[in-house]
There are 2 protein chains.
Amino acid sequence: MSTWAPGSLFLEERVGQAGHRLTGPRLALFRAIARYPEGFTAEELRDQHPSIGRATVYRTIRLLVDLGLVCKIALPEGAPRYVVAGGGHHHHAVCIECGAVKEFRYSTVESVLGELRADVMGQIVGHRIEVYVRCGSCVDQGGRTGLAPVSTP
Amino acid sequence: MSTWAPGSLFLEERVGQAGHRLTGPRLALFRAIARYPEGFTAEELRDQHPSIGRATVYRTIRLLVDLGLVCKIALPEGAPRYVVAGGGHHHHAVCIECGAVKEFRYSTVESVLGELRADVMGQIVGHRIEVYVRCGSCVDQGGRTGLAPVSTP
DNA sequence: GTACTCATGATACTCGGTCTCAGTTGCAAC
DNA sequence: GTTGCAACTGAGACCGAGTATCATGAGTAC
């Protein structure tokens with residue numbers, strides 16, 4: 001798994017290329033996002049820049065999601081997290097202790113999912129794989145649970 | 001439409017066995033749930049029984065989730081759906097048109113996920129696989145989109 | 001029948017997110 | 001440098017899903 005950490009410059013570039021303005025609040029939010037390579041919540045961004053309006057924070061996040069620069073990760077419970085997308089098709093490993101999100105690519109999973117057609121009635125249009133982990137540093141610390149334990153029915 | 005479906009008796013039995021009371025509102029909700037073998041939202045249950053309090057509907061759903069009788073399916077957007085669990089480990093195929101949820105079991109995926117340990121740093125504690133489909137009847141109808149299209153980054 | 005526990009409905013509240021709108025800003029054209 | 005205009009902003013109202021609280025009611029054990 002790679003820990004690809006995009007800078008705020010990457011977001012600036014892409015948003016600019018897409019024909020959107022690079023305003024003060026947006027640049028501030030891009031820099032804040034760059035400080036959370038392992039994922040952030042809207043709340044965390046607001047804490048970083050309390051002077052920026054709530055609506056602007058959510059609008060900016062949505063803009064980035066629309067441009068495919070940020071992925072929204074709907075956790076089983078609690079607020080969704082967002083993480084800067086490394087580009088291309090990938091999946092997420094979410095730490096249930098600290099909430100850190102790491103991307104991984106695993107082509108074997110993709111190819112196996114291709115075989116699912118026989119099992120799943122209808123036309124497959126997409127899929128989502130999320131792996132819940134206790135990340136290395138949380139295992140080391142033997143830390144307490146920050147996020148709720150995950151049930152996998 | 002029948003007022004009794006196999007699912008409701010199953011829920012009654014299990015909730016009773018777990019030492020919870022089988023009150024009028026609960027039985028009414030169990031019967032309503034049985035009418036949605038392909039998943040339901042809290043809103044749909046409330047529509048079926050407007051006289052039952054909002055809090056009671058949510059409490060009953062949570063009770064069923066806690067007992068493992070119902071699975072909560074967090075869709076990428078919109079209200080979560082719930083579906084009566086068939087028991088055992090399984091995954092969900094969600095129709096993006098009509099919202100129908102079908103379970104599937106696919107042991108090959110499980111075994112492949114086992115190999116992920118090399119790719120994903122840390123201790124894997126769970127996973128979630130959801131496949132988004134257009135189900136047979138929606139493909140036949142060429143129906144309109146009920147849920148938002150799914151992006152798979 | 002009584003006492004106790006659990007469940008209920010009403011309602012207020014929280015939380016994440018969106019919508020609206022008047023004011024501001026960025027930027028291209030001149 | 002200034003102008004005009006569309007894009008953007010912040011404030012705050014609003015929305016929907018879900019939770020908390022609390023007085024009341026229904027079931028159950030004795």
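Below, chain A is the first sequence line, B the second, and so on; all start at residue 1. Since the structure is predicted, the reported quantities are computational estimates derived from the model, not experimental observations.
The two residues B/T41 and B/P80 make their nearest non-hydrogen contact at CG2-O, 3.9 Å. A pairwise comparison of heavy atoms in A/V83 and A/P37 identifies CG2-O, 3.9 Å as the closest pair. When all heavy atoms of A/V57 and A/L29 are compared, the pair lying nearest together is CA-CD1, 4.0 Å. Residue B/L22 comes nearest to B/G16 through the heavy atom pair CD2-N, 4.1 Å, listed as atom of the first residue, atom of the second, then distance.
In this structure, A/R46 places its CZ atom 13 Å from P of C/dT18, rounding to the nearest Å. Look at CG on A/L45: it is 16 Å from C1' on D/dT9, rounded to the nearest Å. Per the geometry, CZ belonging to A/R81 stands 17 Å off C1' belonging to C/dC15, to the nearest Å. In this structure, B/D66 places its CG atom 16 Å from P of C/dC6, rounding to the nearest Å. Rounding to whole angstrom units, NE2 of residue B/H49 and P of C/dA7 are separated by 19 Å. Rounded to whole Å, the distance from CG on B/L27 to C1' on C/dA7 is 13 Å. B/L64 has its CG atom 12 Å from the P atom of C/dA7, to the nearest Å.
A/F10 and A/V70 end up in the same hydrophobic cluster when Ile, Leu, Val, Met, Phe, Trp and Tyr side chains are linked at under 4.5 Å.
Checking the phosphate oxygens (OP1, OP2) of C/dC6, no side-chain nitrogen or oxygen of B/H20 falls inside 4.0 Å. Put simply, B/Y58 has a side-chain N or O that comes within less than 4.0 Å of OP1 or OP2 on D/dG18.
Of the candidate nucleotides C/dT8, D/dA17, C/dT11, C/dT8 has the atom lying nearest to any side-chain atom of B/T56. Nearest to the side-chain atoms of B/E43 among the listed nucleotides D/dC8, D/dA17, C/dA7 stands D/dA17.
Mapping A/P80 and B/G53 onto DNA chain C via the closest heavy atom, the residue that lands nearer the 5' end is B/G53. Summary of the strand contacts: B/Y82 and A/L63 both lie near DNA chain D, and taking for each the nucleotide with the nearest heavy atom, the more 5' one is attributed to A/L63.
No donor-acceptor distance shorter than 3.5 angstrom exists from the side chain of B/H49 to the backbone of B/P25, with no hydrogens or angles considered. The main-chain N or O of A/K72 is never found under 3.5 Å from a side-chain atom of A/R81 such that the two would form a donor-acceptor pair.
In the interface, the side chain of A/R62 is not paired with the base of C/dG17 through any donor and acceptor atom under 3.5 Å apart. Judged by distance alone with a 3.5 Å cut-off, a donor-acceptor contact links the side chain of B/R54 to the base of D/dG18. On a pure distance criterion of 3.5 Å, no polar donor-acceptor pair joins the side chain of A/R59 and the base of C/dG17.
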Between the protein and nucleotides 23-30 of chain D, list the N/O to N/O atom pairs that are separated by less than 3.5 angstrom.
none

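When heavy atoms are screened at a 4.0 angstrom cut-off, B/R26 is found touching the sugar-phosphate backbone but no base atom.
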